[in-house]
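No hydrogens, no waters, no symmetry mates; every other heavy atom, side chains included, goes into these values.
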Amino acid sequence: IADAKEMGCKAQGRRRHNPVVLQVRVPDAAAFLRRLKRKGCKLVFGPSRDTFLGKSYGYGSFADLEGNPIWVVDLA
């Protein structure tokens, strides 16, 4: 979860102009995104890996049929 400024929302403080970004937790983000790509889904970015507070996690994003991003994350 990130604040509006970090997500690139231009109309901070005016909620009707801010998008909602869905985030889904999966067992293995990299494997999930590879499977979507094989099935023809457009990846927005990833798969990527990072660490936060000493814990490694995978993440990435794909687009729904209207082009909206849906983020996936794991805590592997």
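- The CG atom of Leu43 sits 9.0 Å away from the CZ atom of Phe62 when rounded to the nearest 0.5 Å.
- Taking each heavy atom of Arg49 and Ser56 in turn, the nearest pair found is NH2-OG, 3.0 Å.
- Closest approach of Pro69 and Ser61 over heavy atoms only: CB-OG, 3.6 Å.
- Scanning all heavy atoms of the two residues, the minimum distance from Tyr57 to Asp74 falls at CB-O, 3.0 Å.
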Exercise. Check step by step if side chain to side chain contact (heavy atoms under 4.5 Å, CB included) holds for Phe45 and Trp71.
Key: CA-CA 9 Å; Phe45 71 90; Trp71 287 46; 4.0 Å; yes
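- Among all heavy-atom pairs drawn from Leu33 and Tyr59, the shortest one is CD1-O, 4.1 Å.
- Hydrophobic clustering (side-chain heavy atoms under 4.5 Å, transitive across Ile, Leu, Val, Met, Phe, Trp, Tyr) keeps Val21 apart from Leu65.
- In this structure the side chain of Lys37 never reaches within 4.5 angstrom of the side chain of Arg34, judged on heavy atoms.
- Heavy atoms only, all atoms of each residue included: Ala63 and Cys41 are closest at O-SG, 3.9 Å.
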Exercise. Show the numbers, then the answer: is there a side chain to side chain contact (heavy atoms under 4.5 Å, CB included) between Val26 and Val73?
Key: CA-CA 6 Å; Val26 297; Val73 64; over 6 Å; no
